[in-house]
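Written out below as structure tokens is the structure these notes cover.
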Amino acid sequence: MSTDQNEYVATLPLLLTEVEVRRVDGVSPSFVRIELGGSALAEFGVDGPVHDQRIKVIFPNAAGNLPDFTGADESWWTSWMEIPEDERGSMRTYTVRDVLGEGADTRLVVDIVTHAHHGPDADGHGDALDGAGNAWAQQAAVGQRLVLMAPRRGHDFGGIEWAPGQATRLLLVGDETALPAIRGILRDLPADASGAAFVEVPVDGDVSSDVTMPNDVTLTWLPRNGAARGEALHAAVLAHLTGEAPTEALTVADDEIDPDLWETPVYSSSGEAVAEATAVPTGQAPYAGLYAWIAGESRVVTGLRRKLVNDLGLDRKQVAFMGYWREGVSMRS
Ligand SMILES: Cc1cc2nc3c(=O)[nH]c(=O)nc-3n(C[C@H](O)[C@H](O)[C@H](O)COP(=O)(O)OP(=O)(O)OC[C@H]3O[C@@H](n4cnc5c(N)ncnc54)[C@H](O)[C@@H]3O)c2cc1C
């Protein structure tokens with residue numbers, strides 16, 4: 001692939017460009033932090049704060065090769081999908097943790113969760129047991145190259161779900177994959193924001209002091225340390241909303257989980273009709289004025305959705321529920 005990325009990014013309203021790994025840090029037991037750079041990133045830009053901006057990364061195929069998007073136009077996706085799956089590289093979704101530098105020295109920082117071997121995937125694919133993103137992160141080194149799909153300044157890319165409107169109380173909930181997004185949202189909040197954030201991480205060593213937030217926002221870390229995924233998150237969020245610890249553990253049947261779970265005040269993956277977003281989330285007392293953003297493993301998010309919407313009666317318009325990944329399923333594109 002050409003190293004002069006600018007010659008073809010200009011044809012697309014987004015960045016679809018090869019980038020170089022400029023730095024790799026094993027920041028904590030479950031996260032590898034990578035810094036991606038390249039002259040095309042001079043064109044990176046979001047209209048406003050980055051919040052939970054998502055991006056796509058294409059990891060090399062087994063032979064170490066990346067797809068060549070030189071001269072790509074609007075048909076790039078169709079052309080890429082026509083390449084046999086084991087040759088085209090693997091696309092996964094991540095969050096922009098930070099943007100460093102400027103101009104041709106712009107770098108995007110991404111925190112990748114590393115996860116252990118999980119046995120055969122539920123979707124029947126045996127080739128991605130460890131996950132392309134996970135496997136790549138565990139061997140990441142400066143100088144390696146990836147393909148990045150990211151917002152191009154001046155063009156609508158989407159990918160920011162944080163939309164609290166005029167909410168008076170905020171609730172952020174997520175697991176380790178949502179930590180980069182929650183951190184970005186907290187960093188970009190106005191100084192007078194108030195609310196609470198709950199983040200479940202694999203182990204104590206993943207708790208980080210590198211999070212900034214307004215004075216009236218609290219952040220609660222919930223290291224699992226071997227406990228069941230979502231258990232602590234479920235208990236803490238329900239106690240926060242109701243003032244009482246739940247008496248039952250979270251149980252969600254397989255057929256209750258929407259594999260593409262993505263529900264925001266303005267979109268529903270289930271096709272459910274969605275009303276227009278309101279400036280101030282309405283909802284019934286005691287939840288009037290609350291806006292909740294919840295992301296992580298789909299079973300856990302599904303369980304929280306059931307509790308918040310069905311049991312506590314939160315209005316769908318005041319909550320964003322996002323399945324960032326699903327246990328036992330490879331998130332291949
Ligand atoms: C909007 C959005 C933003 C995201 N931001 C980030 C981010 O900043 N950092 C980040 O690390 N992830 C993030 N994710 C989640 C990430 O895309 C998924 O975890 C993805 O499955 C990782 O791909 P993989 O190749 O490692 O594993 P896959 O090939 O997708 O899956 C292989 C196996 O690994 C399991 N698996 C996948 N992820 C995990 C995990 N975290 N823990 C345990 N097992 C897992 C799967 O269940 C499957 O059994 C984001 C997802 C979305 C939708």
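Please read these numbers as outputs of a predicted model, since none were measured by experiment. What's counted below: heavy atoms across the whole structure, side chains too, no hydrogens, waters or symmetry copies. In each ligand, atom 1 is the first atom listed, and ligand 1 is the first ligand listed.
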Here the atoms of ligand 1 under 4.0 Å from any heavy atom belonging to Glu327 are 47 (O)

Quick one: look at Trp325 and ligand 1, take heavy-atom pairs under 4.0 Å, and tell me if it's side chain, backbone, both or neither. side chain

Counting only pairs under 3.5 Å, give me each side-chain donor-acceptor contact of residues 236-247, with atom names and distances, residues two or more places apart or in other chains.
{"residue": "Thr242", "atom": "OG1", "partner": "Leu238", "partner atom": "O", "Å": "2.7"}
{"residue": "Thr242", "atom": "OG1", "partner": "Glu244", "partner atom": "N", "Å": "3.1"}
{"residue": "Thr242", "atom": "OG1", "partner": "Glu244", "partner atom": "O", "Å": "3.1"}

Ignoring hydrogens, just give me the one of Arg92, Gln53, Arg97, His115 whose non-hydrogen atom is nearest atom 43 (C) of ligand 1. His115

If the cut-off is 4.0 Å to any non-hydrogen atom of Arg326, which atoms of ligand 1 fall inside it? 46 (C), 47 (O)

Going by the order shown, which atoms of ligand 1 are within less than 4.0 Å of some heavy atom of Ile112? 11 (O)

Tell me the contacting part of Glu297 for ligand 1: side chain, backbone, both, or neither, using a 4.0 Å heavy-atom threshold, strictly below. neither

Does any part of the side chain of Arg88, heavy atoms only, come nearer than 4.5 Å to the side chain of Met81, both counted from C-beta? yes

Arg54 heavy atoms within 4.0 Å reach ligand 1 at atoms 1 (C)

Should Leu222 and Val201 count as side-chain neighbours, where that means a heavy-atom distance under 4.5 Å? no

Any idea which part of Asp52 is under 4.0 Å from ligand 1, heavy-atom wise: side chain, backbone, both or neither? neither

Tell me the contacting part of Trp262 for ligand 1: side chain, backbone, both, or neither, using a 4.0 Å heavy-atom threshold, strictly below. side chain

Between Asp130 and ligand 1, is there a nitrogen or oxygen pair with a distance under 3.5 Å? no

Distance only, no hydrogens: is a donor on one side chain within 3.5 Å (strictly under) of an acceptor on the other, for Trp162 and Asp188? no

If you compare all heavy atoms of Arg299 against all heavy atoms of Ala253, which two are closest, and at what distance to 0.1 Å? NH1-C, 4.1 Å

Under-4.0 Å heavy-atom contact with ligand 1, by part of Val110 that carries it: neither

Grab the two heavy atoms, one from Ala193 and one from Val217, that are nearest each other, plus how far apart they are. O-CG2, 3.6 Å

Would you check the N or O atoms of Ala132, main chain and side chain alike, for any that come under 3.5 Å of an N or O of ligand 1? yes

Name the option, out of Thr93, Val96, Val57, Ile55, that contains the heavy atom nearest to atom 13 (C) of ligand 1. Thr93

Could you check Asp258 against Arg305 for salt bridge (Lys or Arg N to Asp or Glu O under 4.0 Å), going step by step and ending with a plain yes or no? CA-CA 11 Å; Asp258 172 355; Arg305 183 199 187 284; over 6 Å; no

Could you check whether the rings of Tyr324 and Trp293 sit parallel, tilted or perpendicular, using 30° and 60° as the cut-offs? perpendicular

Sub-4.5 Å side-chain heavy-atom contact between Arg229 and Glu200: yes

Plane angle bin for Trp76 and Phe69 - parallel if under 30°, tilted between 30 and 60°, otherwise perpendicular: perpendicular

I need the contact type for Pro180 against ligand 1. Using non-hydrogen atoms and a strict under-4.0 Å cut-off, is it side chain, backbone, both or neither? side chain

Closer than 4.0 Å to some heavy atom of Gly133 - which atoms of ligand 1 meet that? 24 (P), 25 (O), 26 (O)

